[in-house]
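Computed from a predicted structure; not experimentally measured. Per chain, numbering begins at 1; letters A, B, ... match sequence-line order.
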Amino acid sequence: MIGNMMRSSQFFISTQKEAPADAELISHQLMVRAGLIKRLGSGLYSWMPLGLRVLRKVEAIVRDEMNKAGALELLMPAVQPRELWEETGRWAVFGPQMLKIQDRHEREFCFGPTHEEVITDIARKEINSYKQLPLNFYQIQTKFRDEIRPRFGVMRAREFLMKDAYSFHASHESLENTYQLMHQAYSNIFTRLGLKFRAVKADSGAIGGDGSQEFHVLADSGEDGLAYCEQSDYAANVELAEAIAVGERVAAKETMQEVDTPKQTACEDVAKLLEIGVERTVKAIALMAAEQFYLVLLRGDHHLNEVKLTKVAGLSDFRFATEEEIRGHLNCPPGFIGPVGVAENVKVIADGTVALMSDFVCGANKPKLHLTGVNFGRDLAEPMIVADVRNVVEGDASPDGKGKLSLCRGVEVGHIFQLGSKYSQAMNATYLDEEGKSQVMEMGCYGIGVSRIVGAAIEQGNDDKGIIFPLSMAPFSVVICPIGFHKSDAVKDAAHQLYQDLLQAGVDVLLDDRAERPGVMFAESDLMGIPHRIVVGERGLTEGQVEYKARQQTEAQNVNLTEVKNYILSQLN
RNA sequence: CGGGGCGUAGCGCAGUCUGGUAGCGUACUUGUCUGGGGGACAAGGGGUCGCAAGUUCAAAUCUUGCCGUUCCGACCA
């Protein structure tokens with residue numbers, strides 16, 4: 001009987017005062033302390049009954065919005081045969097992140113890290129005609145990715161719950177339509193979940209394809225940097241946010257000179273020694289790609305963006321040069337290298353910002369020396385390649401020309417892609433068009449990290465007492481804390497009646513009928529993040545009153561016992 | 001993959017240097033008192049000290065190997 005499961009004495013509550021030493025993120029600590037999850041191994045967590053209630057609520061909202069957007073739920077196997085992955089070449093591409101397993105016949109399988117291959121196989125077998133298109137299939141399923149470094153509890157676990165959808169189309173316009181539909185569905189989902197989020201332009205990474213956007217829950221502890229414009233709707237992952245170089249190069253005023261920098265190898269230290277701003281300095285980063293040695297020039301206070309760098313012609317497989325390679329090509333130890341006087345076979349790439357600098361400071365290619373007053377076209381050739389290869393910084397011009405960029409951090413909880421024909425082509429997923437001609441399907445794919453959302457939500461909602469869940473995903477909506485439940489019949493009867501009334505009104509209510517002291521009940525319900533609390537005590541009952549407090553409020557208020565049910569219902573909307 | 005840390009009760013830790021009865025806090029059990037913010041007192045239960053080999057009269061402690069885990073770096077829907 002479900003009602004019994006909503007009494008604390010019959011439910012399973014397992015809170016802890018101390019979090020495990022390895023939980024560094026507040027959400028991870030609180031999830032363990034509140035007894036939502038229990039660790040089995042690195043990146044492997046059991047969802048305890050309390051945590052599962054939260055996970056299921058998230059899942060239900062995701063499912064509801066997907067269904068509303070016309071997607072069809074199915075469920076694919078978690079274990080997938082190697083041959084399917086060989087067709088797209090991803091058995092090798094995915095590499096060690098994929099958990100590979102063998103059956104008793106020594107046939108090879110993987111535990112699915114994603115399902116493009118399986119769904120495309122279904123599509124090529126089931127879809128023959130343009131009349132069947134478009135179609136959008138989704139599942140909510142456990143995935144496994146053997147992360148290099150699992151951490152942060154369920155936020156970067158190896159086994160996790162994901163909603164993944166895949167759409168199939170007879171035209172690019174149709175793909176765009178569904179993509180926009182999914183964009184809207186995702187916005188609806190995160191809004192209903194009560195989270196602060198932002199959709200940003202994203203790199204499509206190993207999944208491949210053209211357009212893609214990520215949905216991020218905003219949190220300072222997020223692993224991703226985001227750039228957004230307050231004055232417009234531009235927003236992008238820092239990985240690909242464009243850095244716009246503004247203005248023109250000023251004419252040279254200084255002459256080039258060597259200066260002693262005996263111990264100064266970093267731009268910051270050189271700037272400090274010379275008493276100039278670090279934005280006057282240029283750093284050189286040595287790379288190797290296809291046997292070619294490169295120097296990448298960045299302003300001293302800027303940071304290299306490796307994703308952008310791989311998009312420069314010839315650098316898709318770059319690596320950082322070793323110290324020997326640096327000495328071999330420049331005859332100088334790292335720390336003092338620069339672009340002046342380099343040999344013909346060194347290719348120089350200047351970041352767009354550097355290309356506009358004049359009278360700058362850089363390494364002299366001689367030990368313990370830097371150069372000041374350096375200018376392109378006079379002291380060294382104009383750079384062979386000018387490209388945007390840096391991370392944007394706070395205050396950069398927005399690429400749409402409508403203001404300045406701000407930075408924040410986020411937890412990636414959703415990602416939508418226009419895949420195009422990458423998988424359908426490789427796996428020969430075709431249909432017959434109106435003219436009876438065979439055509440390759442266009443595909444889109446749309447993921448949501450269901451289990452990660454729980455962690456992200458707690459990152460966003462917590463205080464020194466514990467979790468503050470949005471109502472939409474709280475394990476219980478209301479908790480009734482009776483004081484002296486086992487001593488006072490009046491308290492017992494009132495609490496029980498209220499519990500029954502709320503249950504009958506369809507409210508997720510928890511009755512704390514344990515013989516615990518009030519402090520324990522309060523501390524635990526706060527830790528678990530239950531949004532609404534009603535305290536029933538003998539003291540108030542003599543006046544016909546109970547006490548109500550919202551989780552995020554500090555002050556409680558008295559409510560008439562006769563009105564409390566309706567009051568709660570109004571709080572729940 | 002490279003470098004560091006840590007493995008002792010469910011959780012948090014001491015004990016290891018200097019070998020000699022395995023401890024503390026919390027959680028758990030029982031009882032009494034208590035009863036509006038993780039209460040007090042008392043009495044209890046719970047451990048192959050990560051695994052294996054070695055040194056020794058004797059190993060949580062010393063040696064070697066392995067395993068797990070974690071942090072930093074590299075890397076990553």
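When both pairing distances are held under 3.5 Å, B:A22 makes no Watson-Crick or G-U pair with any nucleotide shown. A 3.5 Å limit on both hydrogen-bonding distances identifies B:A53 as the Watson-Crick or G-U partner of B:U63. B:C1 is paired with B:G73 under the Watson-Crick or G-U wobble criterion, all donor-acceptor distances under 3.5 Å. The base-pairing partner of B:C41, taking Watson-Crick or G-U wobble contacts with both distances under 3.5 Å, is B:G31. Pairing partner, B:G68: B:C6, with both Watson-Crick or wobble hydrogen-bond distances short of 3.5 Å. Across every strand in view, B:A14 sits unpaired, with no contact that passes the Watson-Crick or G-U test at under 3.5 angstrom.
Comparing B:C72, B:G37, B:G12 against the side chain of A:Arg151 picks out B:C72 as the nearest. For A:Glu547, the side-chain atoms get nearest to B:G36 when compared with the rest of B:U70, B:G36, B:C75. Side-chain proximity of A:Phe522 to the nucleotides B:C76, B:G36, B:C11 is greatest for B:G36. The A:Thr15 side chain lies nearest to B:G38 when the options are B:G37, B:G10, B:G38. When distances are taken from the side chain of A:Pro20 to each of B:C13, B:C11, B:C76, the shortest belongs to B:C11. Across B:C76, B:U70, B:G10, the shortest atom-to-atom separation from the side chain of A:Asp22 is found for B:U70. Closest to the A:Phe320 side chain, of the nucleotides B:G38, B:G36, B:C75, is B:C75.
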Just list the side-chain donor-acceptor pairs under 3.5 Å for residues 451-461 of chain A, sequence neighbours left out, or say none.
unit_1	atom_1	unit_2	atom_2	d
A:Ser451	OG	A:Leu161	N	2.9
A:Arg452	NE	A:Met155	O	2.8
A:Arg452	NH1	A:Glu412	O	2.8
A:Arg452	NH2	A:Met155	O	3.1
A:Glu459	OE1	A:Ser221	OG	2.7
A:Glu459	OE2	A:Ser27	N	2.9
A:Glu459	OE2	A:Ser27	OG	2.7
A:Gln460	OE1	A:Lys196	N	2.9
A:Gln460	NE2	A:Lys196	O	2.8
A:Gln460	NE2	A:Leu218	O	2.8

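Sorted by first and then second residue, the side chain to side chain donor-acceptor pair (under 3.5 Å) pairs involving residues 154-165 of chain A (not counting sequence neighbours) are A:Gln139-A:Asp164, A:Lys143-A:Asp164, A:Asp146-A:Arg158, A:Glu147-A:Arg156, A:Arg156-A:Glu223, A:Lys163-A:Tyr186, A:Asp164-A:Tyr166. The ring pair (Phe, Tyr, Trp, His ring centres under 6.0 Å) contacts involving residues 518-553 of chain A comprise A:His532-A:Tyr548, A:Tyr548-A:Tyr567, where partners must be two or more places apart or lie in separate chains.
Side-chain atoms of A:Ser424 come within 3.5 Å of backbone N or O of A:Met441 as a donor-acceptor pair. Formation of a donor-acceptor pair under 3.5 Å by the A:Asp351 side chain with backbone atoms of A:Leu298 is not found in this model. Between the side chain of A:His115 and the main chain of A:Pro77, a donor-acceptor pair closer than 3.5 Å is present. Of the possible donor and acceptor atoms, one in the side chain of A:His329 sits under 3.5 Å from a partner among the backbone N and O of A:Glu325.
Residue A:Met162 is in base contact, counting any heavy-atom pair closer than 4.0 Å across all strands shown. Looking at heavy-atom distances under 4.0 Å, A:Glu538 makes no contact with the nucleic acid at all. Residue A:Tyr446 is classed as having no contact, given no heavy-atom separation below 4.0 Å to the nucleic acid. Counting any heavy atom pair closer than 4.0 Å across all strands shown, A:Val535 reaches a base atom. As judged by a 4.0 angstrom heavy-atom cut-off over every strand, A:Gly537 is placed among the base-contacting residues.
Whole-Å rounding puts the A:Gln16 CD to B:G10 P distance at 12 Å. Rounded to a whole Å, the CZ atom of A:Arg156 is 16 Å from the C1' atom of B:U70. In this structure, A:His415 atom NE2 and B:C76 atom P are separated by 15 Å, rounded to whole Å.
Contact annotation: A:Ser42 does not reach the phosphate of B:G68 (side-chain N/O to OP1 or OP2, under 4.0 Å). Contact check, A:Arg39 against B:U70: a side-chain N or O comes under 4.0 Å of OP1 or OP2.
Separating the P atom of B:A52 from that of B:G46 is a span of 23 Å, rounded to the nearest Å. Annotation: B:U18 and B:G73 have their P atoms spaced 35 Å apart (nearest Å). For the C1' atoms, the distance from B:G15 to B:A74 is 38 Å, rounded to whole Å. Spacing between B:C13 and B:C49 at atom C1', rounded to whole Å, works out to 14 Å. Comparing B:U55 with B:G65, their C1' atoms are spaced 15 Å from each other, to the whole Å. Using atom P as the reference point in both B:A60 and B:A9, the two lie 14 Å apart (nearest Å). Remark: the separation of the C1' atoms in B:G45 and B:A27 is 13 Å, to the nearest Å. For the P atoms, the distance linking B:G50 with B:A59 amounts to 15 Å, nearest Å.
Evaluation of the side-chain hydrogen bond (donor to acceptor under 3.5 Å, both in side chains) rule for A:Thr265 yields no partner, not counting sequence neighbours. For A:Asp463, the salt bridge (charged side-chain N to carboxylate O under 4.0 Å, His left out) test picks out A:Arg551, with sequence neighbours left out. Remark: A:Glu291 engages no residue in a side chain to side chain contact (heavy atoms under 4.5 Å, CB included) (not counting sequence neighbours). Every residue two or more places apart in sequence or in another chain that forms a side chain to side chain contact (heavy atoms under 4.5 Å, CB included) with A:Glu547 is listed here: A:Arg533, A:Val535, A:Ala556, A:Asn558. Applying the side-chain hydrogen bond (donor to acceptor under 3.5 Å, both in side chains) test to A:Asn136 and every residue at least two apart in sequence or in another chain returns nothing. Under the rule for a side chain to side chain contact (heavy atoms under 4.5 Å, CB included), the partners of A:Gln29 that lie at least two apart in sequence or sit in another chain are A:Ala19, A:Ala23, A:Ile26.
The distance from the CD1 atom of A:Ile480 to the CD1 atom of A:Ile534 is 5.0 Å, given to the nearest 0.5 Å.
In terms of position on RNA chain B, the residue among A:Phe160 and A:Gly43 whose nearest nucleotide sits closer to the 5' end is A:Gly43. Heavy-atom distances to RNA chain B give each of A:Glu524 and A:Glu306 a nearest nucleotide, and the one nearer the 5′ end belongs to A:Glu524.
Of the residues in residues 73-86 of chain A, not one places a heavy atom less than 4.0 Å from an atom of RNA chain B. Of the residues in residues 548-564 of chain A, A:Lys549 come within less than 4.0 Å of RNA chain B through at least one heavy atom, sorted by number.
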5' to 3', nucleotides 39-46 of chain B under a 4.0 Å protein heavy-atom cut-off (B base, S sugar-phosphate only, - none) gives B-------
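One donor-acceptor pair, N or O on each side, does fall under 3.5 Å between the base of B:G25 and the side chain of A:Glu18.
Of the N and O atoms on the side chains of A:Gln497 and A:Asp493, not one donor lies less than 3.5 Å from an acceptor on the other residue.
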